[in-house]
Each structure stands twice: as structure tokens, then as C-alpha cells.
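Structure first, then comments.
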Amino acid sequence: FLDDMPGQDDTERLNMVLGSDHPVSKPLARIIAEHRAVRAGEAAQGEMSSISSTPYLLATFLTQAALMTPVVLFIDDLHWADTATIEFMGFLPPRIKESPIVIFATYRPEDLTPQPDGRIHTLINLMSYITRHDCVRTFDLQGLDKEDLDDILSNLYTFLQPADFNTLSDAVKRMAGGNPFFLFEITGLMEDEGYLVPKGDNRWSLQGDLAYFAVPESINNLIERRIDRLSLNEILLLRAASLQGESFELSILNQMFMPSGGEAIKDILVSLINRHGLIQPREFGRYVFSHHQVHRVVSNGMSVEDAQRGHREVARLLQVYAEEIGNPTPHHLIAHHLAIAGDTHEAARHFYLAGTRALKAQQFHLSLDHLSRAVELLKDATDIEDNLAVDITLAHLETVKPLGDRVTHERAIKQLKILGEKTSRKDLELRGLLEETIYLRMVSSHEASLRVAERLIEKSRELEESAFEAMGLKEAGTASYL
């Protein structure tokens with residue numbers, strides 16, 4: 001905006017927008033100068049000032065600029081936004097709602113995963129706040145239809161023979177399935193392989209029969225063909241990065257991958273970003289795969305043994321880095337990687353630790369998510385110790401109770417009883433009967449509750465008196481019966 005305006009420097013241009021010697025001009029010009037230095041490589045991101053008034057300065061600039069011309073601000077991939085951007089978005093709505101300003105922001109709901117310390121994604125908090133304002137609207141976007149695809153293709157290609165357009169449109173619709181990323185991948189590959197040929201004056205010709213275009217059975221095959229053209233170092237870096245997930249940290253990648261031939265990791269990353277478009281940079285040494293399908297294809301390209309070793313190493317590094325910088329251990333992330341590595345006991349233990357941490361913070365839904373993963377591991381695993389299995393099952397039951405979900409509550413009680421039979425522990429079987437008694441009474445099934453209480457007292461006689469006194473089950477069962 002400022003670069004297109006006359007004036008000696010940013011301060012003078014800002015004064016033209018805000019008015020002569022506006023108090024916002026100088027501090028905002030300083031922020032802009034710092035950003036220019038970072039973009040030009042003359043300063044590092046960490047050298048920028050931390051100015052608490054930045055949201056106010058930017059909001060003032062936007063509203064004043066909107067007096068000169070309507071303003072449209074587009075923010076892509078908001079799920080990757082840093083804290084400052086999220087706070088800025090929450091600051092804006094009540095301050096710009098009377099101005100001719102439109103802000104478009106996109107995000108992928110599937111990427112709103114919990115943070116490493118277990119807290120919910122900051123964007124979820126933002127959405128719950130800003131949607132209270134009547135100037136905010138949310139939309140669920142679907143795939144592109146035939147008309148949308150044709151609009152994009154007509155902007156990309158003007159054909160000497162109009163019939164070529166229809167042939168291309170039908171083929172792209174069949175392969176892309178409404179996904180714009182796949183559309184550009186398909187047409188780009190057609191250009192590479194000589195099916196789409198430029199003829200000058202921005203006109204194109206379709207050469208050959210697209211039936212012979214080696215149409216991939218799925219878009220995975222298309223991406224595989226792109227990846228097959230990479231160098232060995234590029235492929236190995238992508239595989240190492242994919243072990244962290246769709247986004248990855250450079251600090252962990254540096255510990256997992258050593259390029260051959262003396263090539264630097266940062267040079268390989270630049271090639272994958274600028275030349276191949278397979279990954280995108282984010283802030284503070286963070287990168288992301290350009291599409292989840294790219295990540296899936298790269299992950300599937302590894303052998304099971306290599307993937308297991310890699311995930312085990314990522315889990316180890318996550319724990320090491322958390323200890324080194326004093327952050328809470330990201331148990332749920334470690335558990336995810338250990339589960340893929342096949343280390344079910346350790347995976348279940350970390351899911352349990354993540355769940356009990358969330359339970360202490362009264363984050364019941366988050367706790368249920370982690371502990372449910374641990375319970376799922378219990379069903380098929382044979383190497384999980386009985387004591388850990390008991391801890392997981394009891395914690396899972398305690399998490400379910402406050403949520404009021406009858407189906408989940410019943411399953412948790414059933415799991416406790418099954419575990420009692422599996423481990424031949426009568427106290428667990430009796431605890432299951434007690435929990436069932438209390439649950440049935442809670443949902444007003446008094447007769448059923450009475451019958452279960454009778455079974456509880458009857459079974460209690462099978463154990464020695466000391467075992468009951470320790471668990472408190474005899475008294476609880478009797479009280480329930482009465």
C-alpha cells in the first residue's frame with residue numbers, strides 16, 4: 001500500500017494517510033522499517049521490537065486508510081498464525097465495523113490440534129470470541145464445482161481451438177475432484193510433459209490425446225511422479241520431516257537428517273520451497289508441507305521399519321527439547337509417535353500422563369481424548385503392564401463422569417469390569433459393579449441399580465474381609481443397596 005504512494009519515506013506516506021503529524025505515524029513507521037529489514041535479510045525476526053500497542057496502531061492505520069479507499073485484507077492459513085496475529089484479529093472487529101474494511105481469513109479445522117503443553121489451539125478461543133460480533137461471518141468451503149474449475153482454467157489458458165478447452169476441462173474435473181491444489185498440479189504436469197504447449201500471444205494448444213496422459217489412479221500417483229524427480233537429499237529430507245507431521249521444526253530435523261555431499265539442509269529447504277513448491281516456510285524455524293496429500297505420499301514412501309525407527313527418534317527428541325528449555329513435556333505428541341513406532345506400553349503411559357494432566361486442569365474433553373487413545377491401545381496390546389492398565393481405566397472412568405455422556409459412561413464401566421476379569425482382580429470387578437450401581441441410580445434406573453447392588457454384596461463375600469475394608473467396597477455396596 002505504502003510502496004505505491006508518493007513521498008520521501010514511510011513516515012511521510014503515513015502522514016498522507018493519517019493526517020499531518022498524526023501520533024500513530026512515527027511508531028508505525030518504526031514497525032514497518034523493522035519488517036522491511038527482516039524481509040530484506042538485514043535483521044533477524046528475533047531482533048524486532050515487542051510493541052504492546054501494535055494492534056492499536058495497525059487498527060488506526062486501517063480505519064484511516066479506509067477513508068481514502070475501501071480496504072480488503074486477506075490472511076491465509078490462520079491455523080499457523082502466531083500469537084500476535086491471533087490477538088490482532090481479536091482486537092479488530094469492534095474497531096473497524098463502521099469502516100469500509102473487509103477481512104478474509106482462512107483456516108483448516110483439521111489443523112486445530114492441541115498445543116504441545118496440552119492447551120487448546122488459540123484459534124478456537126479466537127473464533128468463540130469474535131463470532132459474538134454481528135460483523136463476523138463464518139463459512140464452510142466445499143470443493144470447486146465444474147463452473148469454478150472452468151473459470152480458473154479460462155484465466156490460465158486461451159486455446160487456439162475452442163474444443164481443446166472442453167477436453168482439458170473434462171479431464172481436470174475427473175482428476176482434481178474440485179481440489180484447486182490438484183488442479184494446478186495436474187495442469188503443471190501436463191505442461192511439463194508436453195500436452196499443454198504455449199503458442200505465443202498467451203495462447204495454448206493441446207497436443208496429443210489426454211487418454212494417453214498416464215492418468216493417475218489417484219492424486220497420490222501424481223505427487224509421487226513429482227517426488228521421483230527430486231534429488232536423493234531432497235527425498236530423504238522430506239521423509240525425515242514427514243515423521244514430525246504435516247508441520248515440522250527445523251531444530252528437530254537437524255538432529256534427524258544429515259545430507260550427503262556436504263549439502264546444507266537450508267539449501268535443500270530453499271529448493272523444495274522455491275523450485276518444487278512441496279513445502280512452505282512458517283515463522284521461527286517452522287515449515288509445513290504444501291498439502292496434506294504431499295505429506296501422506298512422502299510418509300507412505302518409507303518402509304514400516306524406517307518409519308517406526310524415525311517416530312521413535314522424534315518422540316525421544318521431543319522429550320529432550322522439552323527438558324532442555326523447561327517446557328512441560330508434550331506427552332500427547334510423544335504418545336502419538338510411540339504408538340506409530342509400535343511401543344504400545346510407552347505410548348499408553350504418555351497418553352495417560354497427558355490425560356491426567358488435562359483432568360487436573362478440568363479440561364474434561366481434552367482428557368477424554370487422550371485417555372480414550374490409551375484405552376484403545378489396551379484392547380489389542382499384550383505388553384502393557386496390569387498396573388498401568390488399571391490406572392488408565394480408572395482415570396478414563398473419572399474423566400467420563402462429569403461429561404454426562406451415557407454411552408461413553410457405560411463403555412467405561414464395561415471396560416473396568418473386563419479388565420477385572422482379564423487380570424483376575426476381584427477388587428476391580430467389584431469396583432465395576434459399584435460404579436454400575438451408582439450410574440444406574442443416577443439415571444433413575446432404581447430397580448436395576450438395586451439388582452446390581454445385590455450382586456455387589458454377594459460377590460463381596462467371596463473376598464477376605466481385609467480386602468473389602470481396604471477398598472471400602474463393602475460399605476459402599478451396602479449403602480447403595482440401602
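- For the pair Asp150 and Lys146, the salt-bridge criterion is met [side-chain N within less than 4.0 Å of a carboxylate O].
- Between Val172 and Phe182 there is no side-chain heavy-atom pair separated by less than 4.5 Å.
- His396 NE2 to Ile392 CD1: the interatomic distance, rounded to the nearest 0.5 Å, is 10.5 Å.
- The two residues Ala322 and Pro328 make their nearest non-hydrogen contact at CB-O, 4.0 Å.
- Using modelled atom types, no side-chain atom of Ser372 and backbone atom of Asp369 make a donor-acceptor pair closer than 3.5 Å.
- Heavy atoms from other residues, nucleotides or ligands lying under 6.0 Å from CD of Gln362 number 12 at most.
- Note: Gln244 CD to Leu253 CG = 6.5 Å, rounded to the nearest 0.5 Å.
- For the atom pair CD of Glu246 and OG of Ser299, the computed distance is 9.0 Å after rounding to the nearest 0.5 Å.
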With side-chain contact (heavy atoms from CB on, under 4.5 Å) as the criterion, how do Glu87 and Met89 come out once you've worked through the C-alpha distance, each side chain's angles and the decisive distance to 0.1 Å?
CA-CA 5 Å; Glu87 291 176 352; Met89 292 293 291; over 6 Å; no

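- Closest heavy-atom contact between Ile101 and Leu62: CD1-O, 3.6 Å.
- Contact check for Phe213 versus Met190: side-chain heavy atoms found under the 4.5 Å cut-off.
- Residues Thr85 and Leu78 meet the side-chain proximity criterion, which asks for heavy atoms closer than 4.5 Å.
- For CZ of Arg296, the number of neighbouring non-hydrogen atoms (other residues, nucleotides, ligands) closer than 6.0 Å is 12 at most.
- Here the straight-line distance linking atom CD1 of Ile75 with atom CZ of Phe88 works out to 7.0 Å at 0.5 Å rounding.
- Here the side chains of His133 and Lys97 are not in contact, with every heavy-atom distance at 4.5 Å or above.
- Residues Leu388 and His345 form a side-chain contact, since some pair of their non-hydrogen atoms from C-beta on lies under 4.5 Å apart.
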Leu92 and Ile103: side-chain contact (heavy atoms from CB on, under 4.5 Å), yes or no, with the steps?
CA-CA 10 Å; Leu92 279 179; Ile103 299 176; 3.4 Å; yes

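- In terms of heavy atoms, Thr399 sits closest to Ser367 at OG1-OG, 3.1 Å.
- The six-membered or imidazole ring of Phe104 lies away from that of Phe74, with a centre-to-centre distance of 6.0 Å or more.
- A side-chain N or O of Glu234 and one of Ser271 form a donor-acceptor pair less than 3.5 Å apart.
- In this structure, the side chain of Asp267 does not engage the main chain of Glu263 through any donor-acceptor pair within 3.5 Å.
- Inspection of the Ser128 and Asn125 side chains reveals no N or O donor paired with an N or O acceptor under 3.5 Å.
- Summarising the geometry, atom CG belonging to Asp343 is positioned 10.0 Å from atom NE2 belonging to His350; distances are rounded to the nearest 0.5 Å.
- At a threshold of 4.0 Å, the pair Arg373-Glu376 does not count as salt-bridged, since none of the basic side-chain nitrogens sits closer than that to a carboxylate oxygen.
- Residues His295 and Phe289 bring their aromatic ring centres within 6.0 Å.
- Residues Thr106 and Asp77 have side chains that never bring a donor and an acceptor to within less than 3.5 angstrom of each other.
- Of the N and O atoms on the side chains of Ser99 and Thr63, not one donor lies less than 3.5 Å from an acceptor on the other residue.
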Taking it one step at a time, do Ile340 and Leu243 satisfy side-chain contact (heavy atoms from CB on, under 4.5 Å)?
CA-CA 10 Å; Ile340 297 175; Leu243 293 165; over 6 Å; no

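- Here the closest heavy-atom approach between residue Ala339 and residue Ala347 is recorded as N-CB, 3.5 Å.
- Using a 4.5 Å cut-off on side-chain heavy atoms (C-beta onward), Asp306 and Arg309 make contact.
- One distance of note links CG of Leu278 with CG of Leu272; it measures 6.0 Å at 0.5 Å rounding.
- Seen from the ring of Tyr129, Arg132 does not count as a face-on cation partner, given the 6.0 Å and 45° thresholds.
- The minimum heavy-atom distance linking Glu346 with Leu338 is given by the pair CB-CD1, 3.7 Å.
- Not a single donor-acceptor pair under 3.5 Å links the side chain of Tyr107 to the backbone N or O of Leu123.
- Using a distance-only test at 3.5 Å, with no hydrogens or angles considered, no donor-acceptor pair links the side chain of Arg286 to the main chain of Leu250.
- When all heavy atoms are compared, the tightest approach of Ala81 to Ile86 is CB-CD1, 4.1 Å.
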Before you tell me yes or no, could you show the steps for Asn233 and Phe257 under side-chain contact (heavy atoms from CB on, under 4.5 Å), namely the whole-Å CA-CA distance, both residues' side-chain angles and the distance that decides it to 0.1 Å?
CA-CA 9 Å; Asn233 273 340; Phe257 173 61; 4.1 Å; yes

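- Here the options are Leu183, Leu168, Asp170, the test is side-chain contact (heavy atoms from CB on, under 4.5 Å), and the partner is Leu149; only Leu183 passes.
- Arg312 has its side chain out of reach of His337: every pair of non-hydrogen atoms, C-beta onward, lies at least 4.5 Å apart.
- By the 4.5 Å heavy-atom criterion applied to side chains, Leu359 and Gln363 are not counted as neighbours.
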